[in-house]
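Note sheet for the following structure.
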Amino acid sequence: MKIDAITVRELNMPLVHFFETSFGRTYTRRVMLVTVHGDGLEGWGECVAGEQPYYSEEYIEGAWDVIVRYLAPSLLGQTISSGSEVPGLLAKVREHRMAKAALENAVWDAEALEKGVPLWHLLGGNRREIACGVSIGIQDSHEQLLQKIETELAAGYQRIKVKVKPGWDVDVLAKIRARWPGILLSCDANSAYTLDDLPHLQEFDQFNLLMIEQPLWSDDFYFHSELQNQLQTAICLDEAIRSARDAAAALELGAARIINIKVGRVGGFSEALAVHEAAERFNVPVWCGGMLESGVGRSHNVALSTLSNFKLPGDVSASKRYWKEDIIEPEVTISPQGTIAVFNKPGRGYEVRKGLVNELTVREETLHS
Ligand code: OSB
Ligand code: MG
């Protein structure tokens with residue numbers, strides 16, 4: 001495919017319900033999409049950078065700027081036969097992984113269409129349905145959280161993950177366990193603790209959690225390995241894993257027993273596949289994380305989750321949990337068993353609703369070769 005043009009868009013998409021983590025509350029997603037055009041094909045990718053540089057240093061304004069100024073120009077006019085060629089073309093720019101992932105994934109998206117195969121198949125996946133869990137943010141009250149959990153369990157979700165932070169943790173987990181002793185339950189701290197909290201974190205062990213996600217600093221393996229040695233609960237790393245090298249280093253050190261893969265955080269599908277492989281070498285299971293994606297990113301997460309080592313339910317859930325109307329057709333839906341069926345259609349398997357995308361777009365720029 002010869003890349004003739006690249007379109008960058010920002011969409012304003014209000015969330016059905018606010019989402020709160022240890023670093024703050026989000027009411028509206030500023031969704032960034034990129035489209036690569038060439039050979040009469042269109043590939044779509046989503047840049048999952050946040051509204052603010054809180055989850056990671058990337059944020060939408062920075063991602064927009066680096067794509068328009070440096071990354072897109074490196075692809076324009078190039079003839080690219082596979083998404084796997086994109087990292088090499090973008091390698092000169094350091095970091096900016098979410099920005100790079102948006103472009104790389106758009107090329108994979110187009111490649112699947114060009115080859116007439118499903119994206120999940122192109123990525124090397126083999127599952128025909130994927131297991132789904134939900135991530136539930138910090139709420140205004142414990143009661144509100146318990147109600148949300150009840151709704152998600154009734155919908156069939158196989159694993160409940162709750163956000164925790166100092167002041168919203170042990171009491172909350174105790175109430176959840178008192179009501180649902182047997183469910184698959186995990187928690188995500190988004191780096192809200194330090195090693196000084198060791199005795200407090202050890203209290204989490206009584207709740208038989210599947211994992212505690214990213215308890216300590218977002219850039220650390222060493223102190224997570226010290227913590228893992230003193231916890232029964234498995235640590236899962238999210239923020240700290242940016243590459244397959246990170247995964248290998250963290251697992252060699254014993255910093256985690258589970259890895260969350262977010263394709264944006266690691267810089268695109270190529271690196272996500274490499275992280276998946278690195279974890280498999282250590283016999284460590286992975287699961288697919290989410291970044292409150294629109295349908296474009298969501299459909300890509302579904303495709304990635306079909307790989308063999310995605311052995312735990314991911315944060316890949318139905319469109320309607322986030323959006324009144326998603327920008328893909330059909331929307332992502334789950335079965336009463338908490339699974340998403342994978343389509344046997346070329347490409348991402350979900351059509352982009354261009355009319356709706358245009359309605360929601362607040363900023364758009366097209367770069368030509
Ligand atoms: O840490 O997994 C996280 C959302 C935004 C930023 C970070 C995280 C999350 C989630 C939501 O937990 C996952 C989702 O449902 O998309
Ligand atoms: Mg997380």
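All ligand and atom numbering here is 1-based and tracks the order in the structure.
What you find for Gly137 and Lys163 is that their closest heavy atoms are CA-CG, 3.8 Å.
Under the 3.5 Å distance criterion, with hydrogens and angles disregarded, no donor-acceptor pair is assigned to the side chains of Glu104 and Ser84. In summary, the side chains of Tyr193 and Asp169 do present a donor paired with an acceptor at a separation below 3.5 Å, with no hydrogens or angles considered. Of the N and O atoms on the side chains of Asp65 and Tyr70, not one donor lies less than 3.5 Å from an acceptor on the other residue. Judged by distance alone, the side chains of Asn105 and Glu46 never bring a donor and an acceptor atom under 3.5 Å apart. For the residue pair Asn260/Glu213, the side-chain donor-acceptor check at 3.5 Å is satisfied.
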Between the protein and ligand 1, which nitrogen or oxygen pairs come in under 3.5 Å, and how far apart is each?
unit_1   : atom_1 : unit_2 : atom_2 : d
ligand 1 : 1 (O)  : Lys163 : NZ     : 3.0
ligand 1 : 1 (O)  : Asp188 : OD2    : 3.0
ligand 1 : 1 (O)  : Asn190 : ND2    : 2.8
ligand 1 : 1 (O)  : Asp238 : OD2    : 3.1
ligand 1 : 1 (O)  : Lys262 : NZ     : 3.4
ligand 1 : 2 (O)  : Lys161 : NZ     : 3.1
ligand 1 : 2 (O)  : Asp188 : OD2    : 3.4
ligand 1 : 2 (O)  : Asp238 : OD2    : 3.4
ligand 1 : 2 (O)  : Lys262 : NZ     : 2.9
ligand 1 : 12 (O) : Ser135 : OG     : 2.8
ligand 1 : 12 (O) : Lys161 : NZ     : 3.4
ligand 1 : 12 (O) : Lys163 : NZ     : 3.0
ligand 1 : 15 (O) : Tyr322 : OH     : 2.4
ligand 1 : 16 (O) : Met291 : N      : 3.3
ligand 1 : 16 (O) : Leu292 : N      : 2.9

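In this structure, Arg69 forms no cation-pi arrangement with Trp64, as its terminal cationic atom is not both closer than 6.0 Å to the ring centre and no more than 45° off the ring axis. Stacking of Arg177 on the aromatic ring of Phe207 is not recorded, the 6.0 Å distance cut-off and the 45° axial limit not both being met. Annotation: cation-pi geometry not satisfied between Arg348 and Trp108 (NZ/CZ under 6.0 angstrom from ring centroid, within 45° of ring axis).
Atoms of the protein (N, O or S only) found under 2.8 Å from the Mg ion (ligand 2) are Asp188 OD2, Glu213 OE2, Asp238 OD2.
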